[in-house]
Every structure is written in C-alpha cells, then in structure tokens.
Amino acid sequence: MNKLTLSRAFLIAGLAVAPVAINSSAQALSFVKTQSTGEQSTSSLIGLRVENTAGDKLGDINYLVLDEAGKISTAVIGVGGFLGVGEKNVGIPYNELKFSDKDGTRVAVIEASKDNLSSAPNYVWTENSSAKKPAGATQTPSQSQ
C-alpha cells in the first residue's frame with residue numbers, strides 16, 4: 001500500500017468513528033425543557049424597579065452576583081442620579097429582596113430609605129477573571145492599572 005492509499009484509509013476510518021463519539025457525548029448531556037415552578041430568569045430581574053415598603057422608588061436592579069455555587073448572592077441596585085448619570089451601585093443581599101405586584105407590574109421591595117442607600121458604600125467589583133465587568137461597575141485601584 002502506498003502512503004496516499006494508507007492516508008485515505010485512516011481518514012475514512014476516522015470519519016466512520018467520529019459520529020459515534022459525538023453521539024455518546026450528546027447522550028451524557030442532560031437537557032432542561034422548561035423552568036420549574038418558583039424559578040425565574042435573571043433577565044426578568046435586571047432593570048426591575050426597587051421600592052421601599054412605603055412605595056418610594058429607590059432605584060433599579062443593575063446586575064446580579066453569583067456565589068461559587070452559582071446561586072444569586074447579591075443584587076446590585078443603581079441608586080441616585082438621573083438617567084444613569086451620577087448613579088452609584090449599592091449591593092444588597094439577594095435574600096433581603098421581596099417581590100410583589102404593584103398595579104400589575106412586578107417590583108422588588110427592600111426595607112430601606114433613600115437616605116440609607118445614598119449613604120451606603122459603593123459596590124466594588126473585585127473579580128479578577130477575564131470576564132467583562134458590567135457597565136458602570138466600580139473597580140478596585142489595583143484593577144485600574
């Protein structure tokens with residue numbers, strides 16, 4: 001057998017085996033067909049209005065932070081400013097948010113005042129991964145160098 005014939009034989013043998021390997025990998029992967037009762041998408045939370053128990057608008061949820069287990073640990077709320085200018089991000093433990101419907105619109109409710117949030121510290125993004133930081137996220141001084 002010459003080299004060309006041998007190369008073609010290996011190529012054909014490899015192509016014949018390749019679909020089997022792909023199929024066995026796909027069979028090991030499980031799929032979720034729909035969300036379970038009580039689950040919600042993060043996109044339904046981003047931009048959600050945040051109010052206090054008196055019904056005063058405090059801000060909006062800008063982004064969510066996941067812990068190492070992949071659970072939402074923190075909701076970062078944009079407070080103050082006008083149309084995003086002068087706004088600061090304040091982190092609130094996710095479990096402190098309550099959700100309700102107000103005039104047919106879903107809102108997040110926390111027990112805080114505008115003064116509480118305006119005097120709260122800025123949420124500082126410290127992740128050192130190569131993942132893109134959310135727009136408006138504050139970095140630590142070591143990351144801005």
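A side-chain donor-acceptor contact under 3.5 Å links K98 to the backbone of N95. No donor-acceptor pair closer than 3.5 Å links the side chain of N122 to the backbone N or O of V124. A donor-acceptor pair under 3.5 Å is formed between the side chain of N52 and the backbone N or O of G55. Using a distance-only test at 3.5 Å, with no hydrogens or angles considered, a donor-acceptor pair links the side chain of S73 to the main chain of V65.
Expressed to the nearest 0.5 Å, how far OG of S113 lies from CG of L58 amounts to 8.0 Å. A distance of 5.5 Å separates CD1 in I61 from CG in L45, rounded to the nearest 0.5 Å. Here F99 contributes atom CZ and Q40 contributes atom CD; the two are 5.5 Å apart, rounded to the nearest 0.5 Å. Interatomic distance, I46 CD1 to S41 OG, rounded to the nearest 0.5 Å: 9.5 Å. Here the straight-line distance linking atom CD of E51 with atom CG of D60 works out to 10.0 Å at 0.5 Å rounding.
At a threshold of 4.5 Å between non-hydrogen side-chain atoms, the residues L64 and V76 do not count as touching. Side-chain contact between I92 and T74: absent, with no pair of heavy atoms (C-beta onward) separated by less than 4.5 Å. Between Y123 and I77, every side-chain heavy-atom pair lies at or beyond the 4.5 Å cut-off. Proximity of V79 to E87: side-chain heavy atoms (C-beta onward) are nowhere separated by under 4.5 Å.
Between A120 and V90, the closest heavy-atom pair is CB-CG1, 3.8 Å. Between K57 and K114, the shortest heavy-atom distance links the atoms O-CE, 3.2 Å. I110 approaches E96 most closely through the heavy-atom pair CG2-O, 3.9 Å. Taking each heavy atom of G78 and N89 in turn, the nearest pair found is CA-OD1, 3.9 Å. Nearest heavy atom pair, residue R106 against residue S44, reads NH1-OG, 4.3 Å.
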Audit row: V107, S100, side chain to side chain contact (heavy atoms under 4.5 Å, CB included) steps and yes/no: CA-CA 6 Å; V107 296; S100 68; 3.6 Å; yes
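Side-chain atoms of E111 and N116 include no donor-acceptor pair closer than 3.5 Å.
Y94 and V109 fall into different hydrophobic clusters, where Ile, Leu, Val, Met, Phe, Trp and Tyr residues are linked whenever their side-chain heavy atoms come under 4.5 Å apart, directly or through other members.
The number of heavy atoms from other shown groups lying within 6.0 Å of CD (Q35) is above 12.
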